[in-house]
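Per chain, numbering begins at 1; letters A, B, ... match sequence-line order. Just so you know, these numbers use all the heavy atoms, side chains as well, and skip hydrogens, waters and symmetry mates.
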Amino acid sequence: METISYKVPGFEGPLDLLLHLVQKHKLNIMDIPIAELLEQYMRTIEEWKAINLDIATEFLEMAARLVHIKTAMLLPKHEEAEELRRELSGELMEYKLCQEAARRLAAHNIGENLFVRSPLEIQLDLTYRRTHPTGSILDAYLAAAGRGRRKLPPPAKAFSGIVSRHVVSVSSKIIYVLRRLYRRRDIRYTALFEKAKSRSELIATFLALLELAKACRIRVEGEGDKQVVYMVEGNRRTRNR
Amino acid sequence: MEIKEYQAITEAILFASGEPVEISRLAEVLELDEDTVERLTDDLMNEINTRTGGIKLVRLDKSYQMCTRSEYADYVRRALDIRRNTPLTQAAMEVLAIVAYNQPVTRAFIDQVRGVDCAAVIQGLIAKSLIEEKGRLDLPGRPLLYGTTEDFLRCFGISSLSELPPLPQKDADSDMQETTLDEVIEDSMTQTKGEAPEGTPIMTGTE
Amino acid sequence: MEIKEYQAITEAILFASGEPVEISRLAEVLELDEDTVERLTDDLMNEINTRTGGIKLVRLDKSYQMCTRSEYADYVRRALDIRRNTPLTQAAMEVLAIVAYNQPVTRAFIDQVRGVDCAAVIQGLIAKSLIEEKGRLDLPGRPLLYGTTEDFLRCFGISSLSELPPLPQKDADSDMQETTLDEVIEDSMTQTKGEAPEGTPIMTGTE
C-alpha cells in the first residue's frame with residue numbers, strides 16, 4: 001500500500017474529501033443525505049480520472065461503501081442502512097475533530113526554533129551491565145513474534161486493500177472460503193452463501209470471492225446454480241518468493 | 001553543600017547531557033531526595049529563564065532539558081549552517097494529534113480515524129523522535145502502541161500532556177456539539193468492537 | 001541591538017554548537033566587526049565564569065567554546081553513566097529476543113517481525129555490546145547479519161545459546177484465533193501435502 005501514492009492534491013484521504021464536500025454543499029453531518037453525497041463524491045472522482053490522476057484504492061473503497069449504503073437504503077426496511085450511515089457520520093465527525101486538534105496543535109509548534117545539544121562525548125564503556133532473568137528473553141520473543149506463531153508478515157500486502165475498516169469482515173470471509181476449500185478442493189458456489197445470516201455477510205462473502213479470484217487463489221467455473229469454486233494450487237509459493 | 005553548588009552541578013549535568021534528564025537521575029547523582037531536587041531545579045530554571053541570556057531550561061514531564069531560546073533561532077541556524085527542516089505535513093500533524101490526544105494508540109486506530117494507511121507517516125514521526133513505541137496492546141496480534149515523547153513536549157512548548165491545547169467542546173457553530181474527542185473515540189471503539197481490529201495481521205473470524 | 005542581546009545570541013550559538021566557534025563566524029552572524037565581537041564575548045565569558053554555575057566559556061586561540069566546569073566532571077560522568085545503564089526498553093528486549101532465537105538475522109528480518117523500523121534499536125544494542133555484526137548475507141545488497149554476544153549470555157545468566165528458554169511448540173488446533181491469513185494458508189498447505197509442520201516458528205527471512 002505504501003507504494004501507491006494515495007495523496008490526491010489537496011486531500012488527505014477519502015474522509016478529507018467527504019468532509020470537504022459536506023462543508024461545501026452545506027450538508028448536515030449528523031444526517032447525511034447519502035445520495036447527494038455519493039453524487040458529489042463520484043463527480044470529484046470522475047474529474048480526477050479525467051485529468052489522469054491515479055485514484056488510490058481508499059477513494060474507490062469509499063465510493064463502494066457509499067454505493068452500498070445507498071443501495072441498502074432502497075430496501076423497505078433499512079435499519080442496516082441507517083446504521084451504516086450513522087457509522088459514516090461518526091467517522092466524519094471524528095476525523096473533523098482530528099483535523100481541528102491538528103490545527104490547534106500546529107499553532108504551538110516551536111520545535112524548529114529550539115536547539116538542543118548532543119550529549120557530551122565522554123569515553124565510557126557502554127557495555128550493558130544489568131542482568132535479567134533468563135525467562136525474560138522468551139517473554140520478549142513471544143511478545144514480538146506472537147506466541148511463536150506469527151511467521152513472516154503477510155506477503156505483498158495482497159489483501160491490504162480489503163482488510164481496512166468497514167469491510168473488515170471480508171477478511172474473515174476470505175479465511176472462511178479458504179478453509180472450506182482446504183477441506184475439499186472444490187465447492188459449490190452457492191454453498192458458500194448458505195450459512196450467511198445477513199446481507200452484509202453475503203456481500204462480504206462475495207467480495208472475498210472476488211478478492212481471492214483476483215489474487216489467483218481460486219477459480220470459479222460453470223454457470224448459474226452450477227458454478228463451482230476451485231482452489232488454485234501452488235500459486236502462493238510463486239507469489240511469495 | 002550549598003544550594004548554589006547543587007544547582008551548579010545540575011546545570012553542568014543538563015548542559016553535558018543535552019537530552020532531557022529525569023529528576024530521579026539528578027537525585028541519584030546529587031544524593032538528594034527527588035522533592036528537593038525538583039525544588040532546587042525549579043529555582044534554577046526560574047533564575048536562568050529570567051536573566052538575559054541565550055539559554056533556557058524547560059521542564060518536560062519528569063525531566064529537565066537545557067535548550068536555546070527560540071527568539072535567537074535564526075542566528076543559531078545561520079551560525080551552525082542548519083537548514084530549516086521541512087515543516088510537518090498536514091498528514092504528520094493529524095497523526096501527531098491523534099497520538100497526542102489519545103495515547104497510547106495502535107496504528108490500526110490511527111488508520112481508522114484518518115481513513116488512510118498511516119504507516120509511513122508514523123515511521124517519519126518516530127524518526128523525528130516526536131512519537132515512540134509504548135509497549136503492546138494485550139490483544140490478538142499484540143499490536144504496538146504509540147505515544148508522544150519528551151521531544152514532543154519540548155517542540156510544542158508544554159511541560160506535560162495536561163497542557164495540550166483544549167479541544168472544541170461546546171463550540172456553538174460546530175457540528176461537534178458536546179462531543180469530546182474521547183467520547184467520539186469511545187463511541188467508535190464500542191461500535192467496532194465486534195469486528196477484528198483493522199490493519200496488520202488478518203485475524204481469523206470466530207466461526 | 002543592545003550589547004546584552006548580542007551576548008545572548010553568542011551564548012545561544014556557543015551552547016548549540018558545543019564545539020569551538022570562531023570569532024570570524026560569530027562576527028559574520030552578528031554582523032559586527034571582529035574586534036567588537038571579541039570584546040563583547042570576552043565580557044560574556046567573564047560574566048559566566050565568575051558567577052556560580054556549572055558552565056564556563058573558554059577561549060581557544062581565535063575561538064570560543066562552552067563547556068562544563070571541570071570540578072563537576074565526576075557528577076557529569078555519573079549522570080551519563082546512569083543514563084547508559086537504564087533498563088532495556090520493551091522494543092530493545094524484543095529485538096534482542098528476535099536476534100537471539102533466529103541468529104544470524106538481517107535487519108530486514110527484524111523489521112518484518114516487529115512491523116516497524118528497528119534501526120535505532122539495533123544500533124543501541126550494538127553500543128551496549130549485547131549484539132554484534134556477524135558477517136554479511138550473500139545476497140544482492142549484501143545485508144549485514146546480527147547475532148548475540150557473550151555479554152548477552154552473561155546478561156541473561158546462561159552459558160550458551162542452547163540454554164535459551166525453549167519456545168512453546170505449535171499446538172494443532174487451538175491457535176486459530178490468532179493466526180494470520182498466511183498461516184492459515186501455509187498450515188493447510190503443509191497439511192494437504194503431508195509435510196510435517198516445521199519446528200522453528202520463524203524462518204530466517206532471507207529466502
Side-chain angles (χ1 to χ4, degrees), chain A residues 1-2 6-7 12-16 18 28-30 56 58 62 87 90-91 93-120 122 143-144 146-147 150 153-154 159-160 163-165 168-169 171-176 179 195, chain B residues 15-19 65-68 70-71 73 76 80 82 84-85 87-88 90-91 93-94 96-98 100-101 111-117 119-120 136 141-142 151 154-158 164-165 167-168 175-176 179 181 184-185 187-188 191 195-196 198-205 207:
Chain A
M1 194 61 89
E2 289 90 330
Y6 54 72
K7 182 98 190 268
E12 291 290 335
L15 290 176
D16 197 16
L18 283 179
N28 184 353
I29 198 169
M30 300 293 285
E58 287 104 333
M62 179 59 78
E87 193 183 358
E91 282 171 36
M93 281 168 48
E94 190 181 15
Y95 185 57
K96 189 176 173 196
L97 194 48
C98 160
Q99 288 188 325
E100 176 61 21
R103 204 181 57 72
R104 293 193 186 191
L105 202 54
H108 290 75
N109 189 355
I110 52 166
E112 268 285 278
N113 291 331
L114 297 181
F115 295 92
V116 297
R117 287 164 36 81
S118 37
L120 205 65
I122 291 187
R147 308 260 152 83
R150 194 190 305 163
F159 293 90
S160 48
V163 183
S164 51
R165 50 200 308 99
V168 81
S169 58
S171 65
S172 69
K173 287 299 166 195
I174 287 173
I175 309 272
Y176 167 72
R179 276 207 202 140
K195 279 196 183 160
Chain B
F15 173 82
S17 296
E19 300 165 355
Q65 186 175 23
M66 196 179 276
C67 59
T68 59
S70 50
E71 55 264 48
V76 174
L80 305 188
I82 300 171
R84 258 181 187 282
N85 288 325
L88 293 173
Q90 171 71 14
M93 273 316 300
E94 287 181 13
L96 199 51
I98 295 169
Y101 284 93
D111 286 355
Q112 173 166 350
V113 173
R114 297 195 63 239
V116 289
D117 185 319
R136 290 177 180 272
R142 314 253 313 133
D151 284 342
R154 190 188 67 239
C155 287
F156 289 87
I158 56 180
L164 280 173
L167 290 177
D175 320 271
M176 299 301 182
T179 358
L181 186 56
V184 177
I185 280 146
D187 280 1
S188 75
Q191 272 168 25
E195 293 170 324
E198 301 81 7
T200 33
I202 303 175
M203 301 299 148
T204 53
E207 303 116 291

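- Residue B:I82 touches chain A through its side chain alone, counting heavy-atom pairs closer than 4.5 Å.
- Within the 4.5 angstrom heavy-atom criterion, only side-chain atoms of B:L164, from C-beta onward, approach chain A.
- Side-chain contact between A:L105 and B:M93: present, with at least one pair of heavy atoms (C-beta onward) separated by less than 4.5 Å.
- Between B:Q65 and A:V116 there is a side-chain heavy-atom pair separated by less than 4.5 Å.
- Residue A:C98 comes nearest to B:V113 through the heavy atom pair CB-CG1, 3.9 Å, listed as atom of the first residue, atom of the second, then distance.
- Across every non-hydrogen atom of A:G13 and B:V116, the tightest pair is CA-CG1, 3.6 Å.
- Shortest non-hydrogen contact noted between B:L167 and A:A101 is CD2-CB, 3.4 Å.
- Residues A:A144 and B:R136 approach most closely at CA-NH2, 3.7 Å, considering heavy atoms.
- Looking at A:D16 and B:Q90, their side chains never come closer than 4.5 Å, going by heavy atoms from C-beta outward.
- Heavy-atom distances place no part of B:E71 under 4.5 Å from chain A, backbone and side chain included.
- Residues B:R142 and A:A143 come closest through the heavy atom pair NH2-CB, 3.6 Å.
- Side-chain contact between A:N109 and B:F156: present, with at least one pair of heavy atoms (C-beta onward) separated by less than 4.5 Å.
- Shortest non-hydrogen contact noted between A:Y95 and B:E94 is OH-OE1, 2.6 Å.
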